[in-house]
There are 2 protein chains.
Amino acid sequence: MQELKRLKREDLCRSMLERHADVISVQKPDVALKKLKVIISAALKLSNRKGFQAMSLRDLSKESGVSMGGLYAYFDSKTTLLNMILTEVTDAVETVLGNPPEEVTRDPITHLNWLIETHIRLTEEMQSWFSFAFMEAKNFPAKERDIAIDSEELTESYFSAVVERARAEGRFRAHVTPLLPTMIKPLLQDWYVKRAKYKRRGVSVEDYIRSVQEIVLAACLPLDQLAARSEGESGPDSP
Amino acid sequence: MQELKRLKREDLCRSMLERHADVISVQKPDVALKKLKVIISAALKLSNRKGFQAMSLRDLSKESGVSMGGLYAYFDSKTTLLNMILTEVTDAVETVLGNPPEEVTRDPITHLNWLIETHIRLTEEMQSWFSFAFMEAKNFPAKERDIAIDSEELTESYFSAVVERARAEGRFRAHVTPLLPTMIKPLLQDWYVKRAKYKRRGVSVEDYIRSVQEIVLAACLPLDQLAARSEGESGPDSP
DNA sequence: TCTTGTCAAGCGAGCGTTCGCTCGATAACT
DNA sequence: AGTTATCGAGCGAACGCTCGCTTGACAAGA
């Protein structure tokens, strides 16, 4: 989980600053970083409350304490602001899920469990970013919508690859639905999409992770291994 | 599936006409029904393309061929239009899922399979309505958002009830995650939320239904029954 | 030490546009 | 002729975005 430590809001804003240096007119890095953090925090808060489209730049100005003109020192259009946040989220997914620790990849089942856990913990850590990026993606301008879709497909491909490998190595039972990798995604997404519901019901991240892992493994592991697992509850991942 | 037959756009619009007779100023029923159908079809088409908020009433006027003033003979505000469609969707869910045929409810496993199949077929039949109602629900005004949330919880309660019954009757294995009923929902929703993706990949409704049923049953049935099922592929639902 | 010049940074009234919505005029029936 | 249905120009408000102006920190010149 050490990668998740690097994903604090400050680091993400620093990365945004570098990536979009051409449209950000503020020169002094410490001033720019401090104010960008305020702006992004306000943008996430407002657009999580009522959606990105419905968030007016006047709302954002009031919430962040930065004037209308001041905002445009950090982006050249509202769509660019969308793009900046979106890029940071999709980059985080690729960085974190695409670089599993070496010891995890030795066993495909361990790898599968790691992907599930890490994805949920990542979306937990960056909950407002993910809500922002994917909940209303279909209403984005074409280019930004494609970024969101590509990111989703990339995530699915990580699951497809590890499922395919487990199948090839004979670690799964004879019949596993070919839609399994696709269907893992909605299970993971529900954690940040319906976050309020789970909070209200007192479901912890750990409960949720374990539950998704159980459902996924129940759908693909050989039956004798399922039996062994349910006897030694909370047993190790690797055989 | 005979209930689904009743859910044609014409019937839904007729129902809307009755339910909102107080705000619809057009008197002649046949004229009103015909025009309402055109308006609703256009509204669903446009808001599925770019979201309800982003759909302006001028867009709707142009798409439907009804003037701005003409539209206001059928609703007194844009929010009322939202409410009219939303109410029809949630009502359809309640009517269809809440009234299973008697022969289905005898066995809880059969009932569970029926709920999964019927929910997916319902959302297939009314795909644009469901996208409209739930994809951007969190950006709705408070009252309409609550309607959408209540409808979701009602759906979940149907699954909770049948899962609880199966558990009580000893039809499930010893350990089943308590989050199972909650997690069925995102699996069902993915069918209309990511409809374009499944279409592109050539996944049929039947494939999808079977896949969800497999995953859900694998998570709760006793292991020996799972073994029996996988031998006699496409076996009957009841033992 | 004090004055003055400079310029990045920030401000907010105001631009053109589009929004949801209204209403008096007109058209189409009975 | 009288009722019902439809129209679309027009309203005030709010939108994304701009631009002339103010501010404040800092360094050079006296």
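Order of the sequence lines fixes the chain letters, A, B, ..., with proteins taken first and strands second; residue numbering starts at 1 for each chain. The analysis underlying the following values was restricted to heavy atoms, covering all of them including side chains, and did not include hydrogens, waters or symmetry mates.
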Outer limits of DNA chain C sitting under 4.0 Å from a non-hydrogen atom of chain B, read 5' to 3', are dC19(C) to dT30(C)
Would you check if the side chain of Ser151(A) reaches a backbone N or O of Ile147(A) as a donor-acceptor pair within less than 3.5 Å?
-> no
Is Arg121(A) salt-bridged to Glu125(A), cutoff N-O under 4.0 Å?
-> no
Touch class at under 4.0 angstrom, heavy-atom based, for Phe75(A) against every strand present | nothing
Side-chain donor or acceptor of Thr118(A) paired with backbone N/O of Leu115(A) under 3.5 Å = no
Side-chain heavy atoms of Leu112(A) within contact of Tyr158(A), under 4.5 Å | no
Ser211(B) vs Asp207(B), side-chain hydrogen bond (donor to acceptor under 3.5 Å, both in side chains): CA-CA, chis, key distance, verdict | CA-CA 6 Å; Ser211(B) 199; Asp207(B) 296 336; over 6 Å; no
Can you spot which of Tyr198(B), Phe130(B), Phe132(B) makes a ring pair (Phe, Tyr, Trp, His ring centres under 6.0 Å) with Tyr192(B)?
-> Phe130(B)
Between Thr79(A) and Gln27(B), just flag the one whose closest nucleotide in DNA chain D comes earlier from the 5' side.
-> Gln27(B)
Taking DNA chain D as the partner, which of residues 59-71 of chain A come within under 4.0 angstrom of it by heavy atom?
-> Met68(A), Gly69(A)
Check: Ser61(A) side chain, Leu57(A) main-chain N or O, donor-acceptor pair, under 3.5 Å | no
Bend angle of the helix from dT1(C)-dA30(D) to dT30(C)-dA1(D), end axes from five pairs each (to 10°) | 10°
Between Lys78(A) (side chain) and Met55(A) (backbone), is there a donor-acceptor pair under 3.5 Å?
-> yes
Does any residue of residues 14-26 of chain A have a heavy atom under 4.0 Å from DNA chain D, and if so, which ones, in number order?
-> none
To the nearest 0.5 Å, how far apart are CG in Leu187(B) and NZ in Lys185(A)?
-> 13.5 Å
Can you tell me if NZ on Lys45(A) sees more than 12 non-hydrogen neighbours from other groups inside 6.0 Å?
-> no
Does Lys50(B) pair with Glu136(B) as a salt bridge, N-O distance under 4.0 Å?
-> no
Glu153(A)/Lys197(B) under salt bridge (Lys or Arg N to Asp or Glu O under 4.0 Å): CA gap, chis, key distance, verdict | CA-CA 10 Å; Glu153(A) 304 239 316; Lys197(B) 180 173 80 175; 5.6 Å; no
Extract, from 5' to 3' on DNA chain D, the first and final nucleotides lying under 4.0 angstrom from some heavy atom of chain A.
-> dC15(D) to dC19(D)
Glu10(B) bridged to Arg14(B) by N-O distance under 4.0 Å = yes
What residues in residues 37-49 of chain A put a non-hydrogen atom under 4.0 Å from any atom of DNA chain C?
-> none
When you measure from the side chain of Asn48(A) to the backbone N and O of Leu44(A), does any donor-acceptor pair fall under 3.5 Å?
-> yes
Do the side chain of Ser15(B) and the main chain of Asp11(B) share a donor and acceptor less than 3.5 angstrom apart?
-> no
Reported CG-to-OH distance for the pair Leu179(B) and Tyr208(A), which is rounded to 0.5 angstrom = 8.0 Å
